[in-house]
Enquirer: 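Encoded as structure tokens, here's the structure I'll be asking about.
This one's a predicted model, so the numbers in the text were calculated from it and none came from an experiment. Labels below follow one simple rule: chain letters A, B, ... track the order of the sequence lines, proteins then strands, and each chain is numbered from 1.
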Amino acid sequence: MPRSRPARSARHPGVFSLAAAGAIALVLSGCVGAPEPTPTPSTPTDAAEPIFASDEEALAAAEEAYERFLVATAEVTGSGGTDLGPLAGVAIGDANDAQIETAASYVEDGLRSIGRRTFVTYELQSHDEDPSRGAVVAFYVCDDLRGLDVVDINGASVVSPDRVLDVPYLVVAEGRAANDLEISAKDLWERENFCG
Amino acid sequence: MKVQAFFLGAVIATSVLATSPTVIAWSAEPPCDEIEIDTGTCQTAGLVNQAAGGVDLTGSAGGGGDQSRGSQESDAPQSGDRDDIQAVAPTDPPPPPPENCSPINVAICAGDPQPDPEDPAPAIVVTLRDIASFRPAKPGNGMEPGGWAIEDLPANFVAAASVEVVSGTLLGQPADVRFTPVGYRWTHSDGATVESGQPGANWATLGLREFSATPTSHSYAESGEYVVELSVVLRAEYRFAGSGWRAIAGTLSIAGEPQRVLVGQFDTVLTQGDCNAYPSGPGC
């Protein structure tokens, strides 16, 4: 099971602001934070009832969705990229497209995977409830590749001995039902490896 | 796998006159796809086994050493092209200035007017007033970050001044005057004054992380716009054709261009995209 660190808010109302003297004001602000979600008790008939009452609940659901996603993607690459069926219901949007591309690469290179990735949550980035998308949960994870091998058609491993085993990602899970989130984005965090 | 470009959700405007901020983007192209990560053939910063470092804020800090300066001459051996900035070990205190000279102790900065025993003293005495027509170049008044600072974090000020020889006519004869910087004073408009016998050096030269304290750094306690005035104390010597250098009693001071510093608060967030383009994106 994935472990999660205590979530902390990653949003700040002002990123970088400078107040210059007089009438000249220099504002260095790239992000103006959205209002902090304030879960409020509501009745079942409340149309605006949030999907998740707290960031912790949202992150837990997102972690479950990502676990399903990793299982599914391992099945896809375990088939050598020929069976895309497992992606249904677990991946949408860019994440789904990326996994289809990955599957195609496995087919093209004549490779298949054995085992699968696991993960640990690094930190919740944000949890928002969007009228059109439902709950949108972005969180940082570290994929653990120790349980994953990639072999060629002869069964020989093609994994580099220098492979990085803990890989940082930003993952986005979203959906309208608390127990049915799907992974919509999974992007390698390029700036640095926070999975030390 | 198509990995989307990441941006740090910080936007830095470089001028008070800027009307549209500049977004700093660190990566625009996906470095690897998933199969390369699976097999370990991907090489990118995110795939290096190391703990996360701090946010890299190195910007357009020009530093004083980048600014142009006049002709140079020095009796001391030169090392590298940054002869005006002396490297200082990060943990070592700055070396004492020559003869403990400082802007508040300019008497010690003054050149020794004793004549060279092998060079007979001329019948005349040259004073600073006599060399008024010899004008040394303005010292560079640089800083890093370039023109801005973060509240309560040191900004590093670096002067660019070096030994300079100016030719002209002195008392009706062709002569050279050599100016040697011996003291530096930064007067900050928040009331602080920083004095040093050294011009300061860039963080990279000192081997320090950005926003580290240096002998010439200053931290502003409040956001706002400040002005830093640099004053460099110079010792002067002169020589006529064929004679050796002779010191001139006293020192003179020359000011650099005032440096404007915008001080603000800083915070970072990690976002999936450019918050200006996608203001409703996660983290924005």
Enquirer: How far apart are the closest heavy atoms of B/Gly40 and A/Ser160, and which atoms are they?
Expert: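 Scanning both residues, the minimum pair turns out to be O-CB, 3.6 Å.
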Enquirer: Can you name the nearest heavy-atom pair linking B/Asp33 to A/Ser105, along with the distance?
Expert: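 For B/Asp33 and A/Ser105, the tightest heavy-atom pair comes out as OD2-OG, 4.1 Å.
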Enquirer: Quick one: what part of A/Val150 sits under 4.5 Å from any heavy atom of chain B, side chain, backbone, both or neither?
Expert: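 Only the side chain of A/Val150 comes within 4.5 Å of chain B.
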Enquirer: Does any non-hydrogen side-chain atom of A/Glu101 lie less than 4.5 Å from one of B/Glu34?
Expert: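 With C-beta onward as the side chain, the pair stays apart.
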Enquirer: For A/Arg146, does the CZ atom have more than 12 heavy-atom neighbours from other residues, nucleotides or ligands under 6.0 Å away?
Expert: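 Yes, enclosed.
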Enquirer: For A/Ile100, is it the side chain, the backbone, both, or neither that has a heavy atom closer than 4.5 Å to a heavy atom of chain B?
Expert: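 When you check distances to chain B, no heavy atom of A/Ile100 falls under 4.5 Å.
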Enquirer: As an exercise, state the distance from OG1 of B/Thr39 to CG of A/Asp149, rounded to the nearest 0.5 Å.
Expert: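 Atom-to-atom, B/Thr39:OG1 and A/Asp149:CG are 10.5 Å apart.
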Enquirer: Check whether A/Asp109 gets within reach of chain B through its side chain, its backbone, both or neither, counting any heavy atom under 4.5 Å.
Expert: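 It is the side chain, since no backbone atom gets that close.
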Enquirer: To check you understand the geometry: which heavy-atom pair defines the closest contact between A/Leu145 and B/Asp38, and what is its length?
Expert: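 Smallest heavy-atom distance, with atoms named: CD2-CA, 4.2 Å.
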Enquirer: Given side chains that start at C-beta, do those of A/Arg117 and B/Ile37 come closer than 4.5 Å, heavy atoms only?
Expert: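 In contact.
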